[in-house]
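Here is the structure we will look at.
Note on naming: letters A, B, ... go to the chains in the order of the sequence lines (proteins, then strands), and numbering restarts at 1 for each one. All values below were derived from every heavy atom in this structure, side-chain atoms included, with hydrogens, water molecules and symmetry-related copies excluded. Remember, it's a predicted structure, so these values are computed and weren't measured experimentally.
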Number of protein chains: 2
Amino acid sequence: MKKDNHTRYAILGLLTTGCNTGYSIKQMIDNSLSHFWKISYGQIYPTLKSLVEEGYASVRITEQEARPDKKEYQITSAGIQLLQDWLQMPVLELPTEKNETLLKLFFSRHQGKVRTLELLDNHKEKLEQRYNTYKGIKEMIESRLSDGEDAVYWIMTLDYGLLTTNAAIDWCESAKEKLTK
Amino acid sequence: MKKDNHTRYAILGLLTTGCNTGYSIKQMIDNSLSHFWKISYGQIYPTLKSLVEEGYASVRITEQEARPDKKEYQITSAGIQLLQDWLQMPVLELPTEKNETLLKLFFSRHQGKVRTLELLDNHKEKLEQRYNTYKGIKEMIESRLSDGEDAVYWIMTLDYGLLTTNAAIDWCESAKEKLTK
DNA sequence: TTTAACATGTAATACGTTACATGATTAC
DNA sequence: GTAATCATGTAACGTATTACATGTTAAA
């Protein structure tokens, strides 16, 4: 396996969460990891293929009557080991999010204040939507998976999303005030 | 200019801030935009070249005695117009930051609690460094550029960084407590 | 009847980093 | 003498998205 493509580890890790097809991995990512990781099918299927080639996963084709054929992937013991090795590698750098709103704000002296207020309003609205989405997922996990070993960790990642999103919402308000006063 | 590459607009925008060489644009990004946008030389120089080709910037070569030749770029009126058009285009999607720490945390049932606490500690430490960096930049802008038209907006982007980083630091503490109790 | 959900995959393209290449001056 | 700063640029590579291609079933 190539050195440091975290997306590969994400896919490998998801094989330990009950997701065992490309399709269900994609769903899981969209539903539960989307606030800190996104992956498209264009990465998932080729990656699954190469994980099998390298011995970190195995695959079994299941025929289904009413549905297209399924490829069910299982993580191997070599795969578990690799996942654990990756987990223990220290994180060297904080992520830089590419924030289009902040980029536009940075250059906002070139546009009217009204437009800038609209920019902030739009951002706030989207943040509020995001906040509610996270809250929904958290409640879902708490009610349906609270006994699972993974649940504690999953909820922690959601709390991160909730807290930082909330801080960003507050910031929008104070930025708007700063512009209008 | 190709449709929606925001990095191109970032470079175009920086030409309005007194940065007029590839080198100084890179410095500006590393110093003042790095919390929401990063660009490498591999993007900057080709982009400047194509901005000139498309008429959004002009260039003038300056010979310097004691230094390598300089290419000084100026934004054209077509460039200003393009920048303004871009500013007015609504932001459609919130960014998803790829957060390696959260990804590892998500799969942390595969590692011991001690390791997970180390993961969180390491993250917190890096966040604190970042917080102090932002604070330093903010103070610098307030003392040296507070009269410029750009300053208000630049400080708002820094406040965003300070607020959300602070929320993330708080989260680290609460996550650690959750794991130890 | 048509849309959503299930299911897999590739090719073209876009975006971005890193390593390489060059070279002078100044400060330690 | 050697590291840092100034200064520009390309080629190779890595990463990721999008569009395309295919096909079934269940529900509205």
Side-chain angles (χ1 to χ4, degrees), chain A residues 1-12 14-15 19-31 33-34 36-53 57 59-73 92-93 95-98 100 103, chain B residues 1-11 14 19-31 33-34 36-53 57 59-73 92-93 95-98 100 103:
Chain A
M1 178 147 159
K2 289 191 206 114
K3 35 172 191 174
D4 254 2
N5 187 331
H6 299 305
T7 289
R8 291 171 66 87
Y9 294 108
I11 291 170
L12 190 65
L14 285 172
L15 292 178
C19 301
N20 53 5
T21 68
Y23 187 83
S24 66
I25 284 170
K26 173 66 170 155
Q27 276 185 120
M28 181 68 158
I29 289 163
D30 289 346
N31 292 326
L33 279 83
S34 60
F36 57 90
W37 217 270
K38 271 187 187 170
I39 315 181
S40 64
Y41 282 125
Q43 281 173 281
I44 292 171
Y45 287 113
T47 300
L48 284 170
K49 199 177 162 186
S50 81
L51 287 173
V52 171
E53 280 165 10
V59 66
R60 194 174 49 184
I61 294 164
T62 310
E63 281 161 59
Q64 302 175 108
E65 327 87 46
R67 296 251 157 244
D69 284 3
K70 225 194 226 180
K71 286 195 177 178
E72 289 190 295
Y73 292 86
L92 298 176
E93 270 191 280
T96 299
E97 61 163 4
K98 289 207 160 182
E100 190 189 336
L103 187 61
Chain B
M1 179 147 160
K2 288 190 207 115
K3 35 170 191 173
D4 255 2
N5 187 331
H6 300 304
T7 290
R8 291 172 66 86
Y9 294 107
I11 291 170
L14 285 172
C19 302
N20 52 5
T21 67
Y23 187 82
S24 66
I25 284 171
K26 173 67 169 154
Q27 276 185 119
M28 181 67 158
I29 289 164
D30 290 345
N31 292 327
L33 279 82
S34 60
F36 58 88
W37 218 271
K38 272 187 187 171
I39 314 182
S40 63
Y41 282 125
Q43 281 174 283
I44 292 171
Y45 287 113
T47 300
L48 284 171
K49 199 177 161 186
S50 81
L51 286 174
V52 171
E53 280 164 10
V59 65
R60 194 174 49 184
I61 294 165
T62 311
E63 280 161 59
Q64 301 176 109
E65 329 87 46
R67 296 251 157 243
D69 283 3
K70 226 193 224 180
K71 285 196 177 177
E72 289 190 295
Y73 292 86
L92 298 176
E93 269 192 281
T96 299
E97 62 165 3
K98 290 207 159 180
E100 190 189 336
L103 188 61

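For D/dT5, the OP1/OP2 oxygens have no side-chain nitrogen or oxygen of B/Gln27 closer than 4.0 Å. Distances shorter than 4.0 Å separate some side-chain N or O of A/Thr7 from OP1 or OP2 on D/dA16. At least one side-chain nitrogen or oxygen of B/Lys49 sits closer than 4.0 Å to the OP1 or OP2 atom of D/dT10.
Of the candidate nucleotides C/dG9, D/dT17, D/dG9, D/dT17 has the atom lying nearest to any side-chain atom of A/Lys38. Residue B/Gln43 places its side chain closer to C/dG16 than to any other of C/dG16, C/dT8, D/dT17. Comparing atom distances between the B/Ser40 side chain and each of C/dT17, D/dA16, D/dG9 picks out C/dT17 as nearest. With C/dG9, D/dA7, D/dT15 as the choices, the nucleotide that has an atom nearest any side-chain atom of A/Asn5 turns out to be D/dT15. When distances are taken from the side chain of A/Tyr45 to each of D/dT10, C/dG9, C/dT17, the shortest belongs to C/dG9. Of the candidate nucleotides C/dA5, D/dA7, D/dG9, D/dA7 has the atom lying nearest to any side-chain atom of B/Lys70.
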| field | Criterion side-chain contact (heavy atoms from CB on, under 4.5 Å) on A/Leu33 and A/Leu14, from CA distance to verdict | value | CA-CA 10 Å; A/Leu33 279 83; A/Leu14 285 172; 4.0 Å; yes

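Distance CD1 (B/Ile11) to C1' (C/dC15): 12 Å, rounded to an integer number of Å. Rounded to whole angstrom, the span from the NZ atom of B/Lys98 across to the P atom of C/dG16 amounts to 12 Å. Here D/dG9 presents its P atom at 13 Å from CG of B/Leu51, a figure rounded to the nearest Å. Here the P atom of nucleotide C/dT17 and the CD atom of A/Glu93 are 11 Å apart, to the nearest Å. In this structure, A/Tyr41 places its OH atom 19 Å from P of C/dA11, rounding to the nearest Å.
Of all the heavy atoms in B/Pro95 and A/Lys98, the pair that sits closest is CB-O, 3.1 Å. Among all heavy-atom pairs drawn from B/Gly22 and B/Ile44, the shortest one is CA-CG2, 3.8 Å.
Across all strands, A/Glu72 comes closer than 4.0 Å to no nucleic acid atom at all (heavy-atom distances). If you check every strand for non-hydrogen atoms under 4.0 Å, B/Lys26 touches nothing. Contact annotation for A/Gly22: backbone-only contact, meaning every heavy-atom pair under 4.0 Å involves sugar-phosphate atoms and none involves a base.
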